[in-house]
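Have a look at the structure below before the remarks.
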Amino acid sequence: MLLRIEIRDVPHGNAILKDWRIGRKSGSVFDKWMEMGHPDSFSPDMLSYLDRCTLPALHVREFKCENVLKLDYTLEPHDIVRMDLAVNE
């Protein structure tokens with residue numbers, strides 16, 4: 001699915017956009033558990049592995065803002081994206 005976002009009245013300046021994504025490709029403990037063979041019980045090393053797999057993917061973009069910010073995201077089913085925008089005027 002294509003998600004198109006347009007933000008108006010963004011201050012002019014240098015911007016940093018950070019987005020974190022959790023989905024089937026990154027950060028999904030359920031999908032990692034299924035890849036492991038969906039065991040019923042866990043050893044400490046298995047739990048540690050699953051804990052490390054729950055980190056979301058991070059993507060950082062730097063660019064200049066000039067009043068309107070247009071963003072396109074391609075989302076897979078079950079994806080969750082958090083976006084943080086910082087503009088230095």
Side-chain angles (χ1 to χ4, degrees):
M1 173 176 84
L2 178 64
L3 174 63
R4 236 181 210 146
I5 300 171
E6 183 175 304
I7 304 172
R8 297 173 189 211
D9 300 321
V10 177
H12 290 258
N14 295 321
I16 297 176
L17 177 68
K18 297 177 187 176
D19 62 67
W20 288 266
R21 182 182 298 247
I22 294 176
R24 296 200 137 172
K25 295 179 183 174
S26 62
S28 169
V29 71
F30 175 77
D31 288 297
K32 289 299 178 187
W33 173 71
M34 291 297 288
E35 287 175 16
M36 292 172 62
H38 47 81
D40 292 331
S41 59
F42 299 92
S43 63
D45 64 326
M46 293 165 67
L47 289 173
S48 177
Y49 169 76
L50 287 173
D51 187 47
R52 289 190 310 273
C53 293
T54 60
L55 295 174
L58 171 61
H59 185 252
V60 180
R61 291 186 259 179
E62 296 182 29
F63 52 90
K64 290 196 180 281
C65 270
E66 296 181 6
N67 197 35
V68 176
L69 178 62
K70 295 180 182 181
L71 304 169
D72 287 343
Y73 284 93
T74 301
L75 300 175
E76 300 295 326
H78 309 291
D79 275 0
I80 299 170
V81 177
R82 172 187 165 180
M83 296 167 266
D84 289 336
L85 175 65
V87 180
N88 298 319
E89 299 179 55

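In what follows, every heavy atom counts, from backbone to side chain, and hydrogens, waters and symmetry copies are set aside. A quick note: this is a predicted structure, and the numbers were derived from the prediction, not measured.
Asn67 places a side-chain heavy atom less than 4.5 Å from the side chain of Asp9. Considering only heavy atoms from C-beta on, Asn14 comes within 4.5 Å of Lys64 through its side chain. Counting heavy atoms from C-beta outward, Thr54 and Lys32 have side chains that stay 4.5 Å or more apart.
The residues Glu6 and Arg4 are annotated as not salt-bridged, no charged nitrogen and carboxylate oxygen being separated by less than 4.0 angstrom. Here Asp31 does not pair with Lys25 in a salt bridge; the nearest charged N to carboxylate O distance is not below 4.0 Å. Under 4.0 Å is where a charged nitrogen must lie from a carboxylate oxygen, and between Lys70 and Asp72 no such pair does.
Its side chain within the 4.5 Å cluster rule, Phe63 clusters with Met1, Leu3, Ile5, Ile7, Val10, Leu17, Leu69, Leu71, Tyr73, Leu75, Val81, Met83, Leu85, Val87 among the Ile, Leu, Val, Met, Phe, Trp and Tyr residues.
Put simply, Leu55 and Ile80 are part of two different groups of oily side chains (I, L, V, M, F, W, Y) that touch within less than 4.5 Å, one to the next.
With sequence neighbours left out, the side chain to side chain donor-acceptor pair (under 3.5 Å) criterion links Glu62 to no other residue. Residues satisfying the salt bridge (Lys or Arg N to Asp or Glu O under 4.0 Å) criterion with Arg52, sequence neighbours excluded, are absent altogether.
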**Request:** Please assess Arg24 against Glu76 for the test side-chain contact (heavy atoms from CB on, under 4.5 Å), listing each intermediate value before the final yes or no.
**Result:** CA-CA 8 Å; Arg24 296 200 137 172; Glu76 300 295 326; over 6 Å; no
**Prompt:** Between Trp20 and Asp84, does a side-chain contact (heavy atoms from CB on, under 4.5 Å) hold up when you go through it step by step?
**Reply:** CA-CA 9 Å; Trp20 288 266; Asp84 289 336; 2.9 Å; yes
**Pair Phe42-Trp33, side-chain contact (heavy atoms from CB on, under 4.5 Å): steps then yes or no** = CA-CA 10 Å; Phe42 299 92; Trp33 173 71; 3.3 Å; yes
**Item:** Residue pair Asp79, Ile22: steps toward the side-chain contact (heavy atoms from CB on, under 4.5 Å) verdict
**Value:** CA-CA 6 Å; Asp79 275 0; Ile22 294 176; over 6 Å; no
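The minimum heavy-atom distance between Pro39 and Met46, with the atom names listed, is CG-CE, 3.5 Å. Annotation for Ser28 and Gly23: closest pair CB-O, 3.1 Å, computed over non-hydrogen atoms. The minimum heavy-atom distance linking Ala15 with Cys65 is given by the pair CB-SG, 3.6 Å.
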